[in-house]
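Every chain is numbered from 1 and lettered A, B, ... according to where its sequence line falls, protein lines coming before strand lines. Hydrogens, waters and symmetry mates play no part in the numbers below; they use all other heavy atoms, side chains included.
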Protein chains: 2
Amino acid sequence: MRISEQAKQENRSRILDKAAEIFNSKGFEDSTTRDIALAAGLAAGTLFNYFPSKETLAMTMVSEALVQGREDYLRRCTGREELAEELFLFVASGLRRLRPLRPFLGPVLERSLSPFPRKNVCQEGETARQEHLAAVQSILARHGFTEAPDYVAMTMYWSLYLGILAFWSNDTSPNQEASQALIDYSIRMFVQLISGSGADKGEADAS
Amino acid sequence: MRISEQAKQENRSRILDKAAEIFNSKGFEDSTTRDIALAAGLAAGTLFNYFPSKETLAMTMVSEALVQGREDYLRRCTGREELAEELFLFVASGLRRLRPLRPFLGPVLERSLSPFPRKNVCQEGETARQEHLAAVQSILARHGFTEAPDYVAMTMYWSLYLGILAFWSNDTSPNQEASQALIDYSIRMFVQLISGSGADKGEADAS
DNA sequence: ATACAAAAGTGAGCGCGCTCACAAAATACA
DNA sequence: TGTATTTTGTGAGCGCGCTCACTTTTGTAT
C-alpha cells in the first residue's frame, strides 16, 4: 500500500505535468484526454481514475495556482494597506500565479467559474470561487466591514472579477497595463459600493 | 424557386419551434440535435444545413428575443427618463422577452456571451453583444455622454450585465425581486462610474 | 418531354469525453 | 507459501455534435 500510494501520486503528477504541456501547446479544446493519458504512460480510461473530467483536470491546476497566489498575498501583505490597495494586491497575486496557464485558461475559467446555472458543475470550480470570496470577505472584515456584505455586493464582485480574468487572459498590452486599469477601476467601484451601502442597506436613493 | 424558398422557411421555423420545445423540456445539454432534427421531420445532418451548430441554433432564439426586447424598449421609452431609469428599462425589456427561454438559457449564454477568448466563437453571440453595447452607447449619447466611454467602462458594463443574466436565469424569488435589486445596483454603479470618469479615489460621493 | 445543373436532403461515419465489464496487480490473512 | 479481497489499470464501446460523399428533388433550357 505504501509503494502503491507513492505510485499513485507519481501517476497523478505525471498526468498534471503532461496535461499542462499539451494544454499549453494546443489549447484546452484541441487537446484530447487520450493524448494526455498516453503521454503519461497510461491507458485512455485510467486518466478518469485520477480526475473525473477533463475540466476538473484543468481546474486542478488553476486551483493550485490560486492557492499559491493566496499564499503570496499573505506573505506580501503588511496589514497597513488601504482596502482598495489590499484587494488589488490580492487579485494581482492570483493573476501572477495563473500566468503560466494563460494560454489555455479561457474555456476552463468560462466553464468552471461562471455563475450561470449548469447541469454538471465542476467541484474544483465551486471551491475556488468560495475560497476566493471568503478571502475577500476576510479582507473586508479586517478593514472594518464586520457585517458580511449582502448577496448583491458579492454577486457584483464576482461578475467584475470574472470580467477581469476574461480580459486579462488575452490582454496583449506590454505589461498588462490594460488589465491593471480594469482591475483598478473594478476594485474602486466595489469599494465604493460597499462603503455606500454598508450602513443603510438598500436605500441608497440616487434619484 | 418560390415554392422551395417557402419550404425552406417552413423547415427553419419548424426546427426552431421543436428545438425550443425540446430545450425547454430537457435543458440545452440533455437535448440532442438528432432529436430536434427528427422532431422537425428531417434527417440528422439536415439540421446543419440550417444552423451551423447547436449553439447557434439556440442563440438564434436568444438573439430574436433580444431584438424584440429592444423594440419593446423603444416603444415604451418616453425620452424623459433619467439615465439610470432608461438603462433599467432597456435591460428589463430584454429580460422580459428572454423569459420563455429561461429554462435552457444558462449554458447558452455562458458559451456565447462570455468575454473569455475561445476557439470557435458563435457569430450570433458576438452580434448580440455588439448590438446590446451599441444600444447602451446610444442611450448614453442621448444623455449627454457624447464621447464614447472607454473600453474599461464598457468592459465593466458587460461583466455586470452578464452577472445579471446569470443571476436572473435562476432567480426563484417571487417576482425576480432579487434580480431587480441586482440590476438596480449594477446600473447605478455603472452610471456613477461613467459620470465620475477621471474622478479620484472613492470618496467623491454622488452629487 | 428530356437533359442537365444547382440546391437540398440523407445517414454512415469520425473523433471526442467518458463509462464499464473485466483483467491484473497489490494487499491481507491463513 | 497459497488463497481471498480489494485496489488499480485497461480498452472496447456508447452517445454526442458534426462532416461529407452521395442521392434525391427542384428549377431551367432546350
- Item | side-chain hydrogen bond (donor to acceptor under 3.5 Å, both in side chains) partners of residues 143-155 of chain B, not counting sequence neighbours, each pair once | B:Glu86-B:His143

- Message: What is the separation between atom CD on A:Glu10 and atom C1' on D:dG9, rounded to the nearest whole Å?
- Response: 16 Å

- Rounded distance (Å) that lies between atom P of D:dT8 and atom CD of A:Gln9: 11 Å

- Message: The side chain of B:Leu42 is closest to which nucleotide in this list: C:dT10, D:dG11, D:dT8?
- Response: C:dT10

- Message: Of the listed nucleotides (D:dG11, D:dT8, C:dG11), which one gets closest to any side-chain atom of A:Tyr50?
- Response: D:dT8

- Going 5' to 3' along nucleotides 14-19 of chain C, which nucleotides have protein heavy atoms under 4.0 Å from the base (write B), which only from the sugar-phosphate (write S), and which from neither (write -)? --SBBB

- With sequence neighbours excluded, tell me which residues meet side-chain hydrogen bond (donor to acceptor under 3.5 Å, both in side chains) with B:Ser179. B:Asp171

- Item | Under-4.0 Å salt bridge between B:Arg96 and B:Asp72 | no

- Message: Between A:Glu29 and B:Arg111 (salt bridge meaning N to carboxylate O under 4.0 Å), is one present in this structure?
- Response: no

- Message: Restricting to salt bridge (charged side-chain N to carboxylate O under 4.0 Å, His left out), what partner residues turn up for A:Arg99, sequence neighbours left out?
- Response: none

- N/O (side chain, B:Asn11) to phosphate O (OP1/OP2, C:dG9) under 4.0 Å: yes

- Message: Within residues 118-129 of chain A, which residues have any heavy atom lying less than 4.0 Å from an atom of DNA chain D?
- Response: none

- Note on the structure: DNA chain D nearest-nucleotide lookup for A:Asn49 and B:Asn49: closer to the 5′ end is A:Asn49

- With sequence neighbours excluded, give me every ring pair (Phe, Tyr, Trp, His ring centres under 6.0 Å) pair touching residues 103-125 of chain A. A:Phe23-A:Phe104

- Are B:Glu110 and A:Ser114 linked by a side-chain donor-acceptor pair shorter than 3.5 Å? yes

- Query: Can the positive tip of A:Arg188 be found less than 6.0 Å from the middle of the six-membered ring of A:Tyr185, inside 45° of the ring normal?
  - Reply: yes

